[in-house]
Amino acid sequence: MNKKFFLLTVPAAAFYFWYCSSATAHAMHIAEGFLPLKWAIIWWVVFLPFLIGGIYKLRKVIEEHPEAKMVLGISAAFVFVLSALKLPSVTGSTSHPTGMGLGTALFGPIVMSVIGFIVLLFQALLLAHGGLTTLGANGFAMAVAGPFTAYWIIVLTGKIGFSNRAAIFSGALLGNLATYLATSLQLALAFPAATGGIIASFQKFAAVFMTTQIPLAVSEALLTVVVVNLLAKYQLQGKFIKFPVGEGTKI
Amino acid sequence: MKRNCLLILAFIIITAVPFFISNGADFEGADGQAEDVITAFHPDYKPWADFIWEPASGEIESLLFALQAAIGAAVIAYFVGLARGKNLRQRERQ
């Protein structure tokens, strides 16, 4: 954590609490059957290449660095824990974090498409949370839009001088928000408003989804840094991890 | 590890604050309510697919969510503990 980081985050937090002290909102994955067939198929088609690319990359990582399995397990377990935590938000509703930031920082975004897919499948089959028909859309939001945003934020903030931890914090935070922005966009495309169309609908969904999600995004980012600290303390990051911020950097 | 304690404390505060700010809110899960937003836009929309299997009750659902979190936490704790042990042994040898 460093000075630049605080200069950017403190005003943002102040603005947020002022802005959403009255809003009501709810956010989560799109439920089973709640995307029209056309959009369910479109998002499955969009998500599949990322999933296949992720499986390919995952196999390569494990082949080249068998010792990476341990940290891979931690990244997946972290997603498991965080996506099971339904946290309260200042808007008076609950939602859950995604936990994708950690694995993204360690293995890059594409590997997370596989881990996200597994978690979403588990929740759709066992918990009636999300759904199989909407798994393509939810997968794209949580396991593609989130991790890729997190990745680029980590790279960019690293370039402008954030410490590794601050960069990962920012990446995890904005990656979480990107997931729910993507969900809003998916819902807006499928359900445009009668007046104002997709844009009006998107504004509505985004307003509804994002306010709930912001404190959860901060929580997620905090927990991500906790685990990064643990990895660093026990030198678990190993040789195979290329932190986006400078290869082989110590955290 | 002092740093981690502070981070976890911050996490607990963020999680607890809503109960004071939005006192009296129902803190409902969003599953149903996200659907309400859709039906507000398109009152005639009918979900065309349903869950293959649904937890028998809210309690059973909590059980499964708790199980999911427990499995995750167990895996993290196992690997971190393993690494700690390895580190300690290495240090003893030196």
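Chain A is the first sequence line, chain B the second, and so forth, proteins listed ahead of strands; every chain is numbered from 1.
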**Q** Which pair of heavy atoms, one from A:Val225 and one from B:Asn4, lies closest together, and at what distance?
**A** O-OD1, 4.2 Å

**Q** Which one wins on heavy-atom pair count under 4.5 Å against chain B: A:Val226, A:Leu82, A:Leu216?
**A** A:Val226

**Q** Most heavy-atom pairs under 4.5 angstrom with chain B, which of A:Val218, A:Val119, A:Leu223?
**A** A:Leu223

**Q** Does any heavy atom of chain B fall under 4.5 Å from the side chain of A:Glu220, the backbone, both, or neither of them?
**A** neither

**Q** Quick one: of B:Leu67, B:Val80, B:Asn87, B:Val75, who has the most non-hydrogen atom pairs under 4.5 Å with chain A?
**A**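 The residue among B:Leu67, B:Val80, B:Asn87, B:Val75 with the greatest pair count is B:Asn87.
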
**Q** Can you see which heavy atom on A:Pro215 is nearest to which on B:Ile14, and at what distance?
**A** O-CG2, 3.7 Å

**Q** Below 4.5 Å, heavy atoms only, C-beta onward: do A:Thr133 and B:Trp48 meet side chain to side chain?
**A** yes

**Q** Is it the backbone or the side chain of B:Tyr45 that comes under 4.5 Å from a heavy atom of chain A, or both, or neither?
**A** side chain

**Q** Just give me the residue among A:Leu125, A:Leu35, A:Thr134 that pairs up with chain B most often, heavy atom to heavy atom, under 4.5 Å.
**A** A:Leu35

**Q** Given side chains that start at C-beta, do those of A:Met70 and B:Leu82 come closer than 4.5 Å, heavy atoms only?
**A** yes

**Q** Just give me the residue among B:Ile8, B:Ile71, B:Thr15, B:Ile13 that pairs up with chain A most often, heavy atom to heavy atom, under 4.5 Å.
**A**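 Option with the greatest count: B:Thr15.
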
**Q** Considering only heavy atoms and a distance below 4.5 Å, find which of B:Ile12, B:Leu6, B:Leu64 pairs most often with chain A.
**A**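 Winner by heavy-atom pair count: B:Leu64.
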
**Q** Between B:Gln68 and A:Leu127, is any pair of side-chain heavy atoms under 4.5 Å apart?
**A** yes

**Q** For the atom pair CZ (B:Phe79) and CG (A:Leu231), what is the distance rounded to the nearest 0.5 Å?
**A** 11.5 Å

**Q** What heavy-atom pair brings B:Phe11 and A:Leu87 nearest, and what distance separates the two atoms?
**A**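 Heavy atoms of B:Phe11 and A:Leu87 come nearest at CE1-CD1, 4.0 Å.
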
**Q** Counting only non-hydrogen atoms closer than 4.5 Å, does B:Phe19 touch chain A with its backbone (N, CA, C, O), its side chain (CB onward), both, or neither?
**A** side chain

**Q** Looking only at heavy atoms, what is the nearest atom pair of A:Val81 and B:Ala73, with distance?
**A**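 So the two residues come closest at CG2-N, 3.2 Å.
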
**Q** In terms of heavy-atom pairs under 4.5 Å with chain B, which of A:Ser201, A:Ala77, A:Ala194 leads?
**A**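 So the answer, after comparing A:Ser201, A:Ala77, A:Ala194, is A:Ala77.
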
**Q** Closest approach of B:Pro55 and A:Ala128, non-hydrogen atoms and distance?
**A**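 Scanning both residues completely, I find the closest heavy atoms to be CD-CB, 3.6 Å.
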
**Q** Kindly assign one of parallel, tilted or perpendicular to the pair B:Phe65 and A:His129, based on the angle between their ring planes and the thresholds 30° and 60°.
**A**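 B:Phe65 and A:His129: perpendicular rings.
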
**Q** For A:Leu121, does the CG atom sit with more than 12 other heavy atoms under 6.0 Å from it, leaving out its own atoms?
**A**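 More than 12 within 6.0 Å, yes.
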
**Q** Using every non-hydrogen atom in the two residues, find where A:Pro88 and B:Pro18 come nearest and quote the distance to one decimal.
**A** O-CG, 3.6 Å

**Q** Do you know which of A:Pro192, A:Ala221, A:Ala190, A:Gly131 has the most heavy-atom pairs under 4.5 Å to chain B?
**A** A:Pro192

**Q** Between B:Leu7 and A:Asn229, is any pair of side-chain heavy atoms under 4.5 Å apart?
**A**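 A side-chain contact exists here, since the closest heavy-atom pair is under 4.5 Å.
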
**Q** Looking at A:Phe122, A:Phe80, A:Phe78, A:Phe191, which makes the most heavy-atom pairs under 4.5 Å with chain B?
**A**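 Top count of heavy-atom pairs under 4.5 Å with chain B: A:Phe191.
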
